[in-house]
Amino acid sequence: MAEQEKEAALPSKESFSEWYNDILQKGEIMDVRYPVKGLYVWYPFGFNLRRNVYDIMRKLLDKDHQETLFPLLIPENEFMKEAEHIKGFEDEVYWVTHGGVSPLDVKLALRPTSETAIYPMYKLWVRSHADLPLKLYQIVNTFRYETKHTRPLIRLREITSFKEAHTVHATWEDAAAQVDEAIRLYTEFYRKLAIPVLPSKRPDWDKFPGADYTIATDALMPDGKTLQVGTAHHLGDNFAKTFDIQYEDSEGEQVYVHQTCYGVSERSVAALISIHGDEKGLVMPPEVAPVQVVIIPIVFKKAEDVLQACEEVKEKLEAVGIRVKLDASDNRPGAKYYKWEMKGVPVRLEIGPRDLKNNAAMLARRDTGEKQQVSLDNIEDEVLSMFSVIQDSLYEKAKQEVDRRILDCMSLDEVKKNITTGIAKVFWCGEKDCGLKLEDEVGAGILGIPTSQECCQGKCVVCGADAGTMVYVARTY
Ligand code: A5A
Ligand code: ZN
């Protein structure tokens, strides 16, 4: 390895925190040098990745949601209407108090989330059952004055990529079905990022402020902590009553609507980078890679025929919609490999004079490092089928890691031991006291009750009473 390359290598992934900070910089995802705590800057390459990730989200939602855009500022009187919601957010709100030097008559909140911006308008928009269901979403920046340790893409004070959907339904049951649908959508979204997620119903004390209940999806990070990467909330008719959102049912009665909301942030990008990356840099699932294929001409002198062949391959690949870079710069091939490996490009094609004689190219996979010869005739098919192999293999690898790191535990000591590397599954009677005691004793959080569990009957790990469900316990971000 050249000196310059050694210097630039990443720390071992075992020291996850250092590795994470380093890869954001060297992979050109985020610049953390912005002079406000909790605010970070997207490098263009990182932003390109973000766009691809959110394109997937849009494609999934646009089937039966509509995209919209509401104002960033929320008047204090609207923000203060829903008691539980205020309690949950009041410590986290940034307030705009002045216009220039004049104090404002009504203070304005920078949205920490948009219920109180959107629902006064829903009151005007929803008239009859024919208006339902209403399913809107927006992708915006939101502000939360987080007091826990801030971290790029993970815990932000300005969340730049807050996707929030807000739906309105005639009945409580319809809203419940939408919450399940939201979790199904998120699972599909994360599947395309090759990330397995664990959906669970949060305990009551951890639900969204103002909700009947919350189902969350968590991803397992390399250091064994979990990251909440999406939440869906059943809002019942709580906000409908506060904001007076009613519809006329088929009998002509005015009835309150039932609502849901669900959200995802750039934590999706954090999970993607963290779970797949390695010591050589980013590893991108082909679905979202800003550059999906890099072509490296192996030329010693000016070899026009090789460059010509590379151009042709590039055009062939682009013709089927593949995002390609041809690196014809003067750098040595080794330096080029290094650079594009850091950027996580899923497939590298090397083409030299000898390959050309065989009408072939050398294809190298970023995720495994494996190399194979492929024919230039149907190179686009070879590459596309390699994409789906890589996509599946990244997911399988991550899934195996999760499965390996979830363990059933029968005692608090076992829980303590297992959460150092992953997730513990334990019986819990459902009592809040036991739950809080459990969290306190092991120094970790209850994620929730898995939405799909085959089991089961056991004894609460804290009080020994009969328990009909198991819960996930983990250290969390
Ligand atoms: N209105 C609903 C959707 C809502 O606000 N839900 S939430 O508070 O749970 O946030 C949605 C998702 O945003 C969370 O599941 C989490 O993945 C992400 N998120 C929340 N706070 C964040 C922060 N400070 N930085 C980055 N992501 C955050
Ligand atoms: Zn108990």
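Counting starts at 1 for both ligands and their atoms, following the listed order.
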- To the nearest 10 degrees, could you say what angle the Zn ion (ligand 2) makes with SG of C460 and SG of C463? 110°
- Query: In ligand 1, which numbered atoms sit nearer than 4.0 Å to a non-hydrogen atom of T231?
  - Reply: 6 (N), 7 (S), 9 (O), 10 (O), 11 (C), 12 (C), 14 (C), 15 (O)
- Message: Going by side chain to side chain donor-acceptor pair (under 3.5 Å), T214 matches just one of H233, H234, K207. Which one?
- Response: H233
- Ring geometry between F243 and F239 (parallel below 30°, tilted from 30 to 60°, perpendicular above 60°): parallel
- Query: Who's the nearest protein heavy-atom neighbour of atom 25 (N) of ligand 1, and how far?
  - Reply: L156 N, 3.0 Å
- Note on the structure: Under 4.0 Å between heavy atoms, the region of I159 that gets near ligand 1 turns out to be side chain
- With R50 as the cation and Y54 as the aromatic partner, state whether NZ or CZ is under 6.0 Å from the six-membered ring centre and within 45° of the axis. yes
- Task: Could you please compute the angle at the Zn ion (ligand 2) from SG of C434 to SG of C429, rounded to 10°?
- Result: 110°
- Message: Applying side-chain hydrogen bond (donor to acceptor under 3.5 Å, both in side chains) as the test, list every pair that has at least one member in residues 91-113; sequence neighbours left out.
- Response: R111-N141, T113-E115
- Item | With sequence neighbours excluded, residues passing side-chain contact (heavy atoms from CB on, under 4.5 Å) with L60 | I56, K63, L185, E188, F189
- H166 side chain to Y119 side chain, donor-acceptor N/O pair below 3.5 angstrom: yes
- Between Y137, Y477, Y186, F208, which one has a non-hydrogen atom sitting closest to atom 4 (C) of ligand 1? F208
- Query: Does E115 approach ligand 1 within less than 4.0 angstrom via side chain, backbone, both or neither, non-hydrogen atoms only?
  - Reply: side chain
- Task: Please could you name the atoms of ligand 1 that R155 approaches to less than 4.0 Å, counting only its heavy atoms?
- Result: 25 (N)
- Item | Heavy atom of T214, distance to ligand 1 below 4.0 Å | no
- Note on the structure: Per-atom filter on ligand 1: closer than 4.0 angstrom to a heavy atom of Q228 are 9 (O), 14 (C), 15 (O), 16 (C), 17 (O)
- Query: What protein heavy atom sits nearest atom 27 (N) of ligand 1, and how far off is it?
  - Reply: S265 OG, 2.8 Å
- Intermediate values then yes/no, side-chain hydrogen bond (donor to acceptor under 3.5 Å, both in side chains), Q138 and E164: CA-CA 6 Å; Q138 60 178 6; E164 49 178 327; 3.0 Å; yes
- Of the backbone atoms (N, CA, C, O) and the side-chain heavy atoms from C-beta on, which set of R267 has a member under 4.0 Å from an atom of ligand 1: side chain, backbone, both, or neither? side chain
- Item | Ring-face cation contact, Y395 with R191, 6.0 Å cut, 45° max | yes
- Query: If we only count N/O pairs under 3.5 Å, is R144 in contact with ligand 1?
  - Reply: yes
- Task: Consider only side-chain N and O atoms of E158 and Y40, and report whether a donor and an acceptor are under 3.5 Å apart.
- Result: no
- ligand 1-proximal atoms of E266, by part, heavy-atom distance under 4.0 Å: neither
- Task: Scan side-chain atoms only and decide if W42 and D31 contain a donor-acceptor pair under the 3.5 Å cut-off.
- Result: no
- Message: Below a 4.0 angstrom heavy-atom separation, can you tell me which part of F162, side chain or backbone, both or neither, approaches ligand 1?
- Response: side chain
- May I ask you to identify the nearest protein heavy atom to atom 24 (N) of ligand 1, giving residue, atom name and distance to one decimal place in Å? E146 OE2, 2.7 Å
